[in-house]
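Below: the structure, in structure tokens.
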Amino acid sequence: MRISLGRYIPGKSLFHKADPRSKIIWTIVMMVFILLCTTRWQYLMATVFVMIVFLISGIPLKYILKSLRPVAVLMIITTVFNLVFYKGTTVLFAIGSFNVYREALFLSIKMILRIFMLIVSASLLTYTTTSVAITDGIEYLLRPLAIIKFPAHEIAMMMSIALRFIPMFADETDKIIKAQSSRGAEFDSKNVFKKIKSYVPVLIPLFVGAFKSAEDMSVAMESRCYRGGKGRTKFKVLKFTKYDLILLIITAVFCTGVILMKTVFKI
Amino acid sequence: MSIKLEDIKYTYMPGTPFEKVALSDLYLEIREGEILALIGPTGSGKTTLLQHINGLLRPDSGSVFIDGEELTKKNLFKIRQKIGYVFQYPEQQLFEETVFKDIAFGLNRLKLPEDEVRARVYDAARLVGVSENLLERSVFDLSGGEKRRVAICGVLVTKPKYLMLDEPASGLDPEGKNAMLRLLKTFRDAGITVIFVSHNMNDVAETADRVVVINDGRIERQGTPREIFTEHDFLSGIGLSVPDVTDFFRLLSERTGVEIPDIITLDEGYAYLRDVYSKGGIPS
Ligand SMILES: Nc1ncnc2c1ncn2[C@@H]1O[C@H](COP(=O)(O)OP(=O)(O)O)[C@@H](O)[C@H]1O
Ligand SMILES: [Mg+2]
């Protein structure tokens, strides 16, 4: 129950130590390019760079695989459909009366690569950065938008509160389910309506607790004179270090590569 | 008949960086009819241990026997009726519209006739001391102490033979706390075996028949309160203490140089002092 997708894994790698802002920039650049990739060379380059960051981060492969698992089934089904129904020009081989085309194979590989790399890039960020650091970074990066009255601080604050509460809710849900089953509650009914109804003893205490926590939180914030982001200083000041320099250089090299590929070499 | 835990080992989140061995090499027997206190520093595995006894957690290795029957997936529901489990802050799990319905919740699955349900709710309420005029009130209108009693009733309706309570007195005012401890004795006298977790050594000394000390997932000591609370150095070594009166008489003995027997309850302390005064005061 407690272990959730993309949960921060402490580490000492260069990628861990880099500032959340550089990591967010890197992740966004990476994700945008992955979505824009068209040719196989571009895919290759994106994969290589994702691999580089993966190796730098020192996150064990099994966590990456774990984060891929939820979409794996979907991917397999789509691939099967692609292979069977997509009509191309060159037939690779035939399964029964279905022809599998070369184009279908490439299309499937590209699609799988694309989705996998998107997930891997995003989870590399969340595995190596605490949620507090991520929101801090987002707030900082959105700050210029204050000119158009964009509430960057408020949004970041809401995000960090939400992120703070999610694991708490998960634990709380776990505990209430255990407590109610000790009292004889049944949660594994086959009947859908009964199943929904059986969660009432979980949901009501959960909501009562959530409202109470929210209320306590707002009182606590108010009693510490919280009044928005204006003039607020940080306990942990974000610093630009040599790790960020390295990461941003990688990002820059990558961007240059992308632009050259797309415009000059056209590969 | 008794509860037996044999060679229990349990690890939270194995194979992750958050891996935590919560229980290891754990053997324990809980005898029928006793009040057993489970003490240990925070995070020592007390709650994890309780959750193994009613099958909320399944050991990685080892077995749990309830009255000679091994706890498996199949007999879970049957065994849970034998073992009541009052969570820490059980009042947080109340949810029904009325106190009566909340107490009766545990009987829903048993499909008992209505008058049997009524009788059981009233019996539980009487035993725990929830007055009848509360039964039709909303559970959210009660005071903290009342809510906790109602929650305990909700566990007692299934007439468990064993009752586990995780820090039943925490967060109550002194009067509520004392009432809770008296309640534990009431349960025992009504034939229920009581297992409770407590951080308060005074409460343990006054209430328990036997004490089990758990530290870092292992049982380090077990014995009568007297046996346990005379091991002052061991207890303070793992971050626990002895009852206040024990400390008081130990200090008194140290300062005055008078030999004083180990005293672990207020009654014993009182008896000792009365004895001393009747003999003309502490000899100096
Ligand atoms: N759901 C959980 N996931 C991971 N670790 C847990 C979980 N519950 C408890 N632990 C850890 O297991 C150890 C024992 O916990 P617990 O049995 O709750 O201790 P106690 O009740 O004695 O305070 C603690 O170190 C705790 O952090
Ligand atoms: Mg506990």
Side-chain angles (χ1 to χ4, degrees), chain A residues 1-13 16 57-67 127-128 130 167-189 194 197-213 216, chain B residues 12-20 47-48 50-51 53-57 73 76-97 101-112 139-140 147 151-160 163-166:
Chain A
M1 193 73 201
R2 271 202 200 178
I3 184 93
S4 48
L5 199 79
R7 181 174 163 163
Y8 175 63
I9 300 171
K12 289 196 165 48
S13 76
H16 277 87
S57 75
I59 297 295
L61 184 64
K62 76 174 177 213
Y63 288 95
I64 301 293
L65 295 179
K66 206 184 247 175
S67 66
Y127 276 140
T128 58
T130 61
M168 217 178 78
F169 278 147
D171 288 351
E172 195 64 15
T173 313
D174 190 39
K175 194 186 88 186
I176 297 173
I177 288 181
K178 276 181 174 171
Q180 305 295 32
S181 10
S182 303
R183 285 173 75 187
E186 191 182 16
F187 295 105
D188 40 13
S189 173
K194 268 198 188 150
K197 211 173 144 228
S198 71
Y199 276 90
V200 170
V202 176
L203 291 177
I204 293 181
L206 195 63
F207 277 111
V208 171
F211 281 117
K212 192 167 168 341
S213 315
D216 287 350
Chain B
Y12 280 109
M13 303 201 279
T16 72
F18 310 101
E19 179 172 306
K20 165 87 198 170
T47 303
T48 310
L50 293 188
Q51 298 197 347
I53 296 177
N54 82 338
L56 286 172
L57 294 176
K73 261 205 175 103
L76 210 56
F77 181 63
K78 196 178 107 207
I79 290 219
R80 280 196 188 144
Q81 284 174 266
K82 261 193 192 176
I83 302 181
Y85 183 2
V86 179
F87 269 62
Q88 194 171 6
Y89 303 116
E91 56 276 18
Q92 290 171 358
Q93 281 108 46
L94 300 177
F95 69 98
E96 281 281 13
E97 298 144 59
K101 280 191 188 170
D102 211 293
I103 296 178
F105 173 70
L107 299 175
N108 287 352
R109 248 168 104 182
L110 298 179
K111 310 263 180 291
L112 297 174
V139 287
F140 297 105
K147 277 190 195 166
I152 293 178
C153 287
V155 172
L156 281 175
V157 270
T158 55
K159 300 202 171 165
L163 183 67
M164 310 192 284
L165 305 99
D166 202 341

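Letters A, B, ... are given to chains in the order of the sequence lines, protein chains preceding strands, and every chain is numbered from 1. Keep in mind that this is a model prediction, so the values were computed, not measured.
B/T48 pairs by the side chain to side chain donor-acceptor pair (under 3.5 Å) definition with B/Y12, not counting sequence neighbours. Every residue meeting the ring pair (Phe, Tyr, Trp, His ring centres under 6.0 Å) condition with B/F105, not counting sequence neighbours, appears here in chain and number order: B/F95. By the side-chain contact (heavy atoms from CB on, under 4.5 Å) test, B/K78 is found to be paired with B/E69, residues two or more places apart in sequence or in another chain being considered.
For the atom pair CZ of A/R183 and CG of B/L156, the computed distance is 11.5 Å after rounding to the nearest 0.5 Å.
Atom CZ of A/F207 sits in a sparse spot, with 12 or fewer heavy atoms from other residues, nucleotides or ligands closer than 6.0 Å. In the displayed structure, B/E97 atom CD is contacted under 6.0 Å by at most 12 heavy atoms of other residues, nucleotides or ligands.
Of the two parts of A/K62, only the side chain, counted from C-beta on, holds a non-hydrogen atom closer than 4.5 Å to a non-hydrogen atom of chain B. Looking at B/Q81, neither its backbone nor its side chain comes within 4.5 Å of chain A, counting heavy atoms on both sides. For B/N108, no part lies near chain A; criterion is any non-hydrogen pair under 4.5 Å. For chain A, the nearby part of B/L57 is the side chain; its heavy atoms alone come within less than 4.5 Å.
Heavy-atom pairs under 4.5 Å with chain A peak, among B/R80, B/Q51, B/R109, B/Q93, at B/R109. No other option in A/A179, A/S181, A/A185, A/G184 has as many heavy-atom pairs under 4.5 Å with chain B as A/A179.
Here the shortest heavy-atom pairing between A/K178 and B/L56 reads O-CD2, 3.6 Å. Of all non-hydrogen atoms in A/Y8 and B/F18, the two that sit nearest each other are O-CZ, 3.4 Å. Listed here is the closest heavy atom pair of B/Y85 and A/S182: CD2-OG, 3.8 Å.
Residue-level contacts of residues 197-205 of chain A with chain B, in order of numbering, are A/V200, A/P201, A/I204, A/P205; threshold 4.5 Å between heavy atoms.
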